[in-house]
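Structure first, then comments.
Heads up: numbering here begins at 1 and tracks the sequence.
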Amino acid sequence: MERLDEPLFSDLSFVVDAGRALRLSGRNGAGKTTLLRILCGLTPPTAGDVRWCGEALQRCYPDFVADLCYVGHVPGLKGDLNPVENLLFHTAGRAASGVSPEAALARVGLPPECEETPCRRLSAGQQRRVALARLLLTRARLWILDEPFTALDPEGRGRVEALLGEHLRGGGLAVVTTHHHMELESDRVVVLELDDGQ
């Protein structure tokens, strides 16, 4: 993959198995977000392909999207909607997990008094918690998370790590970009270091 005719990375090959997380590491500008966008099918690779369950992504994209929950480094919330309304909007038409928006918000540590507040009035950390609550509302097997710990305090980071651990132990898989060391079982996390021009 290239940016301004300069290679971000090349000859990159990896597999993420059920029950495992791939942590992408590297300095700013190394291509972590670009790689996530390629994995999600949002940016086409300049060479090679992405496969889901052994099949090229372009041939199984609807099934792949149904199995994907992507949370970007920008929370992606509608500012005039409150947290519950945002979660209902983002999960419309998806296979529901059976967890209510209110229960999901409680799991990520959003105070109950914030549930009726327009998201534009929430702090950056509170907005991050709302965005991450989406993970609990669908049955997605693949979580792709771009800097999920941004703006979170230690208690919030612990909650996200606990959710990730539960997801992996249940057979889910995740690809995560972060500069933060994740407190997960070591045999469940593989680290891929991206350096410019890899």
Heavy-atom pair with the smallest gap, counting every atom of L88 and P101: CD2-CG, 3.8 Å
hydrophobic_cluster_shared for W143 and Y70, side chain cutoff 4.5 Å: no
ILVMFWY network linking V176 to L42, side-chain heavy atoms under 4.5 angstrom: no
Path from V191 to L12 over hydrophobic side-chain contacts below 4.5 Å: no
Expected output: side-chain R157 to main-chain L152 donor-acceptor under 3.5 Å: yes
Partner of E161 by side-chain contact (heavy atoms from CB on, under 4.5 Å), out of E166, H180, H181: H180
Stepwise side chain to side chain contact (heavy atoms under 4.5 Å, CB included) test for R107 and L163: CA-CA 9 Å; R107 285 287 310 276; L163 292 177; 3.0 Å; yes
Taking every non-hydrogen atom, the tightest pair across G171 and A18: O-CB, 3.3 Å
Verdict with supporting geometry, F149 and H179, side chain to side chain contact (heavy atoms under 4.5 Å, CB included): CA-CA 9 Å; F149 303 107; H179 297 286; over 6 Å; no
Transitive ILVMFWY side-chain link M182 to L173, under 4.5 Å: no
Verdict with reasoning, L142 to W52, per side chain to side chain contact (heavy atoms under 4.5 Å, CB included): CA-CA 10 Å; L142 172 60; W52 177 244; 3.9 Å; yes
From L24 atom CG to E147 atom CD, the distance as rounded to the nearest 0.5 Å: 10.0 Å
Worked check of side chain to side chain contact (heavy atoms under 4.5 Å, CB included) between C53 and R141: CA-CA 11 Å; C53 298; R141 290 188 293 161; 3.7 Å; yes
Sidechain-backbone polar pair: R139 side chain, A96 backbone, donor-acceptor under 3.5 Å: yes
Whether K32 side chain and G26 backbone form a donor-acceptor pair below 3.5 Å: yes
Derivation of the salt bridge (Lys or Arg N to Asp or Glu O under 4.0 Å) call for E85 and K78: CA-CA 9 Å; E85 292 167 337; K78 296 196 172 292; over 6 Å; no
Path from V190 to L35 over hydrophobic side-chain contacts below 4.5 Å: yes
For F89 against L81, the heavy-atom pair lying closest together: CB-CD1, 4.5 Å
D153/R129 under salt bridge (Lys or Arg N to Asp or Glu O under 4.0 Å): CA gap, chis, key distance, verdict: CA-CA 11 Å; D153 56 21; R129 290 173 192 253; 3.0 Å; yes
Gap between atom CG of L87 and atom CG of L137 - 0.5 Å precision: 5.5 Å
Side chains of P75 and N86 in contact at under 4.5 Å (non-hydrogen atoms): no
Side-chain (H73) to main-chain (L145) donor-acceptor, under 3.5 angstrom: no
